[in-house]
Amino acid sequence: QVQLVESGGGLVQPGGSLRLSCAAARSIFSNRAMAWYRQAPGKQRELVATISEDGSTNYADSVKGRFTISRDRAKNTVYLQMNSMKPEDTAVYYCYATFGFWGQGTQVTVSS
């Protein structure tokens, strides 16, 4: 049973924007912290941003000021707004819900 479904990935030019969405089953979304991770080719998966149940957020230094994580309780959805994108943001992005729920990933490529 699929619990988390990401969408919104694609190809974007440097300096551009994308918004990722993660639709969660209500049983997963409620009362759980959520996060976005990413994994670039040949690299370990890294934490990008987190959002707690009460909406508190944290970001990796590499994306601070450019990315914004948010959650819509009515839609059981978490978003990652990515602005001023750089080639080094290229990766597969994964949605995560505590504890141990992962989405299938969505590819983001930043290239001219």
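Please read these numbers as outputs of a predicted model, since none were measured by experiment. Side chains are part of it too, since the values below use all heavy atoms of this structure and drop only hydrogens, waters and symmetry mates.
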What are the two closest non-hydrogen atoms of Ala91 and Ala40, and how far apart are they? CB-N, 3.8 Å

Quick one: pull up OG in Ser7 and CD in Gln104 and give me the separation to the nearest 0.5 Å. 8.5 Å

Side chain to side chain contact (heavy atoms under 4.5 Å, CB included) partners of Gln107, counting only residues at least two apart: Thr90, Val92, Thr109

If you measure from SG on Cys22 to CZ on Arg71, what distance do you get to the nearest 0.5 Å? 10.0 Å

Under a single-linkage definition using a 4.5 Å side-chain heavy-atom cutoff for Ile, Leu, Val, Met, Phe, Trp and Tyr, are Leu4 and Phe99 assigned to the same hydrophobic cluster? no

Can we say Lys64 and Asp61 salt-bridge, meaning some charged N sits less than 4.0 Å from an Asp/Glu carboxylate O? yes

Could you pull out the closest heavy-atom pair between Leu80 and Ala49, with the gap in Å? CD1-CB, 4.3 Å

State yes or no: do Tyr94 and Leu18 share one hydrophobic cluster built from I, L, V, M, F, W and Y residues joined by side-chain heavy-atom distances below 4.5 Å, directly or via other members? no

Between Ala35 and Thr50, the two heavy atoms sitting closest are CB-CG2, 3.9 Å

Ignoring hydrogens, what is the shortest heavy-atom contact between Leu20 and Gly9? Give both atom names and the distance. CD2-N, 3.6 Å

Between Tyr93 and Glu6, is there a side-chain heavy-atom distance shorter than 4.5 Å? no

Between Ser112 and Pro14, which heavy-atom pair has the shortest distance, and what is it? N-CD, 3.7 Å

Count the heavy atoms of every other residue, nucleotide or ligand shown that sit under 6.0 Å from CD of Glu88, and state whether that count exceeds 12. yes

Treating Arg32 as the side-chain partner and Thr98 as the backbone partner, does any N or O pair qualify as donor plus acceptor under 3.5 Å? yes

What closest approach, in Å, do Ala97 and Met34 show between heavy atoms, and which atom pair accounts for it? CB-SD, 3.4 Å

From OG1 (Thr68) to CG (Asn83), nearest 0.5 Å: 6.5 Å

Residue pairs passing the ring-ring contact (aromatic ring centres under 6.0 Å, His included) test where at least one lies in residues 45-88, sequence neighbours excluded: none

Applying side chain to side chain contact (heavy atoms under 4.5 Å, CB included), can you list everything that pairs with Ser84, at least two apart in sequence or on another chain? Arg66

Is Asp89 close to Met82 at the side-chain level, that is, under 4.5 Å between some pair of heavy atoms? no

Would you say that Leu11 contacts Ser111 through its side chain, given a criterion of any heavy-atom pair below 4.5 Å between the two side chains? yes

Which residues pass the side chain to side chain contact (heavy atoms under 4.5 Å, CB included) test with Glu46, sequence neighbours left out? Arg38

For residues 30-58, pull every pair meeting ring-ring contact (aromatic ring centres under 6.0 Å, His included), keeping only residues two or more places apart or in separate chains. Tyr37-Tyr96, Tyr37-Trp102

Any residue meeting side-chain hydrogen bond (donor to acceptor under 3.5 Å, both in side chains) with Lys43, in chain and number order, not counting sequence neighbours: none

